[in-house]
Each structure stands twice: as C-alpha cells, then as structure tokens.
Amino acid sequence: MALFMEEYVKAVVMVLLEGGASEPELMAQSYIGMLDRLKMDILFDPFFTEEEAHKRAKFAASLFIGGAVSNMNGSLGDWPAEQ
C-alpha cells in the first residue's frame, strides 16, 4: 500500500508540475487527503449513496482546483508572509 501511495502522489505531482504548480507535492498531498476522507466515508457509512459520492467528489475537485488556480495566480497575497 505504501508503494501505491508513493506512486499515486508522484503521478499527481507530475500533472501539477505540467500545470505550473509552485508547490506540487504539497498540493498533491492535500488533494489526495481530501479524496481519502471521501473514501473513508464511503467505506464506513452504510447509508452512503452513489449520488452522495458523486456530489462530494465534484465538490472536492472544485474546491481543490479553485484553490490551486488561486495559488498559482498569486491571488492569495493577503496571507501572512512566511517567517
């Protein structure tokens, strides 16, 4: 499983690098983390529906893409400077 996760992160990092991400590894880990939470809900909630899975996957993708685009465009300039 560890090898799979390493390869999965690398694949997402490569896509983000192609897109010009400045923090591709951090972004990949963040996106995968959101999807992992979705996976856990699917596995452990006996009332979880396919419709809910689609809704949450779409939401997570939209949230990530919106944040990634904002980050790449530098529109997060109101964040405090790193120390």
Problem - Residues, nucleotides or ligands: over 12 heavy atoms within 6.0 Å of F59 CZ - result: no

Give the cluster check for [X] versus [Y]: same hydrophobic cluster or not, with ILVMFWY residues linked at side-chain heavy-atom distances below 4.5 Å.
{"X": "L17", "Y": "F64", "answer": "yes"}
{"X": "M14", "Y": "L16", "answer": "yes"}
{"X": "L35", "Y": "M1", "answer": "yes"}
{"X": "L38", "Y": "M34", "answer": "no"}
{"X": "V69", "Y": "Y31", "answer": "yes"}

Completion exercise
Distance col, row S30:OG vs L63:CG, nearest 0.5 angstrom, shows 10.5 Å

Exercise for the section: To the nearest 0.5 angstrom, please state how far the CZ atom of F48 sits from the CE atom of M40. Expected result: 12.5 Å

Practice task
Apply side-chain contact (heavy atoms from CB on, under 4.5 Å) to I32 and list each qualifying residue two or more places apart in sequence or on a separate chain.
Solution key: M5, Y8, V9, V12

Completion exercise
Sequence neighbours excluded, the answer for side-chain contact (heavy atoms from CB on, under 4.5 Å) partners of E7 is L3, K10

Completion exercise
Here the side-chain hydrogen bond (donor to acceptor under 3.5 Å, both in side chains) pairs for residues 54-66, sequence neighbours left out, are D41-R56, E50-H54, E52-R56

